[in-house]
Asks: 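Sharing a structure here in C-alpha cells format.
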Amino acid sequence: TWNHWRRTALREMSESAGLSEVHFSPDNRSTHLGSPVDTVLVRGFLARSATAVPTELSDHHALAVELLMQLEMDPAADSHAAIDEPAPAR
C-alpha cells in the first residue's frame, strides 16, 4: 500500500499473524507516489519466484508467484532418513 500509515499497519498486523511478504526482483508492481500498491503475504510457503506482469486491462499489474510449501519437521525425526526407509522398531 502506498500510504505510510497503512504500510505500518499492514506490517504490524502481518508480523503478528506470522505472515511474510513476498519480495519481487525486479520490482515491477504497480506504484502510487513511488510505493507499491499490491502486496503478497504468505505463511507456510516459500516464494520460488515472484513476477509482476504489466497489463493494460487494469491499473494494477498482474502478480504471479510460484510457491513451495514448507513442511514442518518433527524435531525428534531424523532429517537424514530416506523417505522409503521403514521406521525403526521400538
Asks: Distance-only criterion, 3.5 Å: show the donor-acceptor pairs between side-chain atoms of residues 56-64 and protein atoms not counting sequence neighbours.
Replies:
unit_1, atom_1, unit_2, atom_2, d
S58, OG, H60, N, 3.1
H60, ND1, D38, OD1, 3.1
H60, ND1, D38, OD2, 2.8
H61, ND1, N28, O, 2.6

Asks: For residues F45 and V22: do they belong to one hydrophobic cluster (side chain heavy atoms under 4.5 Å, members Ile, Leu, Val, Met, Phe, Trp, Tyr)?
Replies: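 They do share one cluster, since a chain of ILVMFWY contacts under 4.5 Å joins F45 to V22.
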Asks: Hey, what do you get for CZ (R29) to OG1 (T39), rounding to the nearest 0.5 Å?
Replies: 5.5 Å
Asks: Would you check if there is a donor-acceptor pair between the side chains of S20 and R43 at a distance under 3.5 Å?
Replies: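 The criterion, which ignores hydrogens and geometry beyond distance, is not satisfied for S20 and R43.
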Asks: Are any of the side-chain heavy atoms of L67 and V42 separated by less than 4.5 Å?
Replies: yes
Asks: If the condition is side chain to side chain contact (heavy atoms under 4.5 Å, CB included), which residues does T51 pass it with, not counting sequence neighbours?
Replies: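 Scan of T51 (side chain to side chain contact (heavy atoms under 4.5 Å, CB included), adjacent residues dropped) gives V53.
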Asks: Taking S14 for its side chain and R11 for its backbone only, find out whether a donor-acceptor pair lies under 3.5 Å.
Replies: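 Checking the backbone N and O of R11 against the side chain of S14, a donor-acceptor pair under 3.5 Å is found.
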Asks: Distance check, rounded to the nearest 0.5 Å: E12 atom CD versus R7 atom CZ?
Replies: 12.5 Å
